[in-house]
Amino acid sequence: MTLTMLAVFLVHVLLGLPLFISLLATAVVGFMFVDPAMIPRMMPQQFFGGINVFSLMAIPLFILAGNLMNVTRLTDRLMAFAKLLVGHLRGGMGHVNVVSSIFFAGVNGSAVADTSALGSLLVPPMRKEGYSTAFAAGLTAGSSLIGPIIPPSIFMILYASLTNTSVGDLFLAGVIPGLLLGLAFMAMNAWYAWHKGLEKRGGLPSRRELVVTALGALPALVAPFIIVSGIVMGFVTPTESGALTALYVALCGLAQGNLRLADFWKAMLDTTRLTSAIFLIMAASATISWLLSYAQVPNEFVALLAPYIEQPVVILLLLSLITFVTGMFMEEVSALMLLTPIFSPVAMMAGIDPVHLGIIITLNITIALITPPMGACVFVAAAVSRLEITSLFRTIWPFVVTAILVLILLILFPSLTLWLPTQLG
């Protein structure tokens with residue numbers, strides 16, 4: 001049954017049908033194996049039940065906060081601050097690219113949005129500094145992976161809704177891995193700059209420049225702390241935190257005179273489009289997840305991995321390999337929704353902390369955004385840098401390997417993930 005469903009899904013995707021329709025067609029085939037009479041009763045119930053979760057309301061609100069940050073030009077101030085901090089180093093624009101991704105991660109949590117925004121603004125200056133177009137585009141796509149790891153994160157909210165894990169703990173757990181990912185890409189950029197003999201541009205900023213630029217970026221830098229601290233301290237739910245952040249960004253834009261009615265309307269429309277696409281995919285994926293659970297597929301998967309159940313590291317490596325391969329050929333939200341209910345029972349039996357598992361799955365799913373043949377961030381980076389997609393797919397692998405090395409480090413040392421939520425959660 002499972003192999004037939006997979007074949008049906010791949011055929012529909014290759015035919016170019018919308019993803020949620022491909023998923024629903026796959027679910028219909030699965031129900032034909034289990035009990036065709038369940039189709040009119042269970043499919044609508046699971047389709048709407050999959051998105052009838054209060055915590056999922058945080059997703060459109062965080063997306064809105066990120067869009068408002070863009071239209072009010074607060075993100076421009078973040079980039080200016082990043083340039084002042086590291087722009088004077090060798091390979092400065094590459095470092096600016098990574099640091100900007102770290103700052104942007106605390107705003108919208110979307111890797112694709114980061115790639116689009118940073119690519120159009122930073123790839124041309126990187127070319128002028130001596131970077132090849134392929135490396136500049138690859139670094140833009142690679143560093144954007146930090147977005148879904150540092151809170152807020154759409155993937156983490158989805159994982160939490162599927163496993164009843166604390167969103168606050170997941171957000172805290174993502175901070176150190178996100179920073180490690182940033183440091184890894186900065187080290188990669190430093191090596192490239194040294195190897196290519198790139199020169200330093202400009203000198204150290206003055207104290208006054210630092211203070212003025214930091215104050216300009218402060219409203220945007222405060223947003224992540226509002227999100228995380230409110231949830232961790234129990235003042236607000238994730239959904240309320242998203243609403244509070246969107247309101248805060250809107251008020252900042254009004255106070256600075258950068259938010260017009262047309263800008264607000266554009267942010268609302270962009271949020272509606274993206275949210276609609278995400279929720280349709282989630283609903284269709286939830287239908288398949290319920291069907292697989294009903295057919296006892298997770299139990300079969302547990303039995304398959306039973307010989308390794310006493311070895312958590314081996315289990316995490318196997319789950320990561322499966323997620324990595326799946327993510328190469330499936331849209332990320334769908335992969336997360338389908339794999340999490342199957343992986344979670346295995347991890348529980350192996351004694352793996354659900355927060356640790358959440359970060360590992362999130363990073364795996366995120367890495368898929370830069371892997372051929374469906375890596376969305378690579379397509380965006382190629383478009384904004386005007387580079388052939390096949391050329392970028394050939395040169396993206398060092399960035400994929402760098403992210404995988406960070407993933408392996410997190411698997412081997414769970415404390416890198418669990419220390420912060422243990423201390424503050």
## Note on the structure
Nearest heavy-atom contact between S153 and T362 is OG-CG2, 4.3 Å
### Message
Check whether E129 reaches the backbone of L198 with its side chain - one donor and one acceptor, N or O, closer than 3.5 Å.
### Response
no
### Message
Walk me through whether I288 and L23 qualify under side-chain contact (heavy atoms from CB on, under 4.5 Å).
### Response
CA-CA 7 Å; I288 298 180; L23 290 166; 3.8 Å; yes
### Task
Specify the closest pair of heavy atoms between I146 and S101, including all atoms of both residues, with the distance to one decimal.
CD1-CB, 4.3 Å
### Query
Does D353 reach the side chain of P414, with side-chain heavy atoms less than 4.5 Å apart?
no
### Message
Between T395 and L392 (side chain of the first, backbone of the second, donor and acceptor by atom type, cut-off under 3.5 Å), is there such a pair?
### Response
yes
### Query
Partners of W191 by ring-ring contact (aromatic ring centres under 6.0 Å, His included), sequence neighbours excluded?
H195
### Query
Is there side-chain contact between P177 and T417, with at least one heavy-atom pair below 4.5 Å?
yes
### Query
Any side-chain heavy atom of F62 within less than 4.5 Å of one from I157?
yes
### Query
Could you give the distance from CG (L85) to NE2 (H95), rounded to the nearest 0.5 Å?
12.5 Å
#### Entry: Side-chain touch L215/F81, heavy atoms, less than 4.5 angstrom
no
## Note on the structure
On a heavy-atom basis, the closest approach of A82 and V99 is CB-CG1, 3.7 Å
### Task
Check whether any side-chain N or O of S344 sits under 3.5 Å from a backbone N or O of P341 as a donor-acceptor pair, and report yes or no.
no
### Query
How are the rings of F379 and F393 set relative to one another: parallel (under 30°), tilted (30 to 60°) or perpendicular (over 60°)?
perpendicular
### Task
Nearest 0.5 Å please: distance from the CG atom of L244 over to the OG1 atom of T237.
10.5 Å
#### Entry: Side chains of L305 and M349 in contact at under 4.5 Å (non-hydrogen atoms)
no
#### Entry: Side chains of L56 and L158 in contact at under 4.5 Å (non-hydrogen atoms)
yes
### Message
Tell me whether the count of non-hydrogen atoms from other residues, nucleotides or ligands lying under 6.0 Å of CH2 in W194 goes above 12.
### Response
no
### Query
Taking it one step at a time, do F104 and M79 satisfy side-chain contact (heavy atoms from CB on, under 4.5 Å)?
CA-CA 9 Å; F104 277 38; M79 196 176 298; 4.1 Å; yes
### Message
I'd like to know whether L181 forms a side-chain contact (heavy atoms from CB on, under 4.5 Å) with L363, so could you lay out the CA-CA distance, the side-chain angles of the two residues, the decisive distance to 0.1 Å, and finally the verdict.
### Response
CA-CA 10 Å; L181 202 57; L363 183 52; 4.1 Å; yes
### Query
Within a strict 4.5 Å, meaning less than it, do heavy atoms of the N67 and K266 side chains meet?
no
### Message
Minimum heavy-atom separation for S144 and C377, please, with both atom names.
### Response
OG-SG, 3.6 Å
### Query
Rounded to the nearest 0.5 Å, what separation is found between the CG atom of L24 and the OG atom of S285?
9.0 Å
### Task
Would you please name every residue forming a side chain to side chain contact (heavy atoms under 4.5 Å, CB included) with T275, sequence neighbours left out?
P60, I63, T271, F279
### Message
Please check: side-chain N/O of S293 versus main-chain N/O of S289, any donor-acceptor pairing under 3.5 Å?
### Response
no
### Query
CD1/I281 to CD1/I21 distance, rounded to the nearest 0.5 angstrom?
11.5 Å
### Message
Checking M156 against T165 for the side-chain contact (heavy atoms from CB on, under 4.5 Å) test, could you report, in this order, the C-alpha distance in whole Å, the side-chain angles of both residues, the deciding distance, and whether it holds?
### Response
CA-CA 9 Å; M156 290 182 191; T165 307; over 6 Å; no
### Summary
Applied to residues 150-188, the ring pair (Phe, Tyr, Trp, His ring centres under 6.0 Å) test, sequence neighbours excluded, yields none
## Note on the structure
Between N364 and L407 the two heavy atoms that sit nearest each other are OD1-CD2, 3.4 Å
### Query
Do the non-hydrogen side-chain atoms of L410 and L180 ever get within less than 4.5 Å of each other?
yes
#### Entry: Nearest heavy-atom neighbours spanning L61 and A243
CD1-N, 3.6 Å
### Check: T245 side chain, S241 main-chain N or O, donor-acceptor pair, under 3.5 Å
yes
### Task
Could you tell me the separation between the CZ atom of F343 and the CD1 atom of I360, rounded to the nearest 0.5 Å?
12.5 Å
### Main-chain N/O of A65 paired with Y248 side-chain donor or acceptor, under 3.5 Å
no
### Query
Looking at CD of Q46 and CE of M38, how far apart are the two atoms once the value is rounded to the nearest 0.5 Å?
8.5 Å
### Query
Any donor-acceptor pair under 3.5 Å linking the side chain of R127 with the backbone of A136?
no
## Note on the structure
Given the options L179, I359, I411, L409, L416 meets side chain to side chain contact (heavy atoms under 4.5 Å, CB included) only with L409
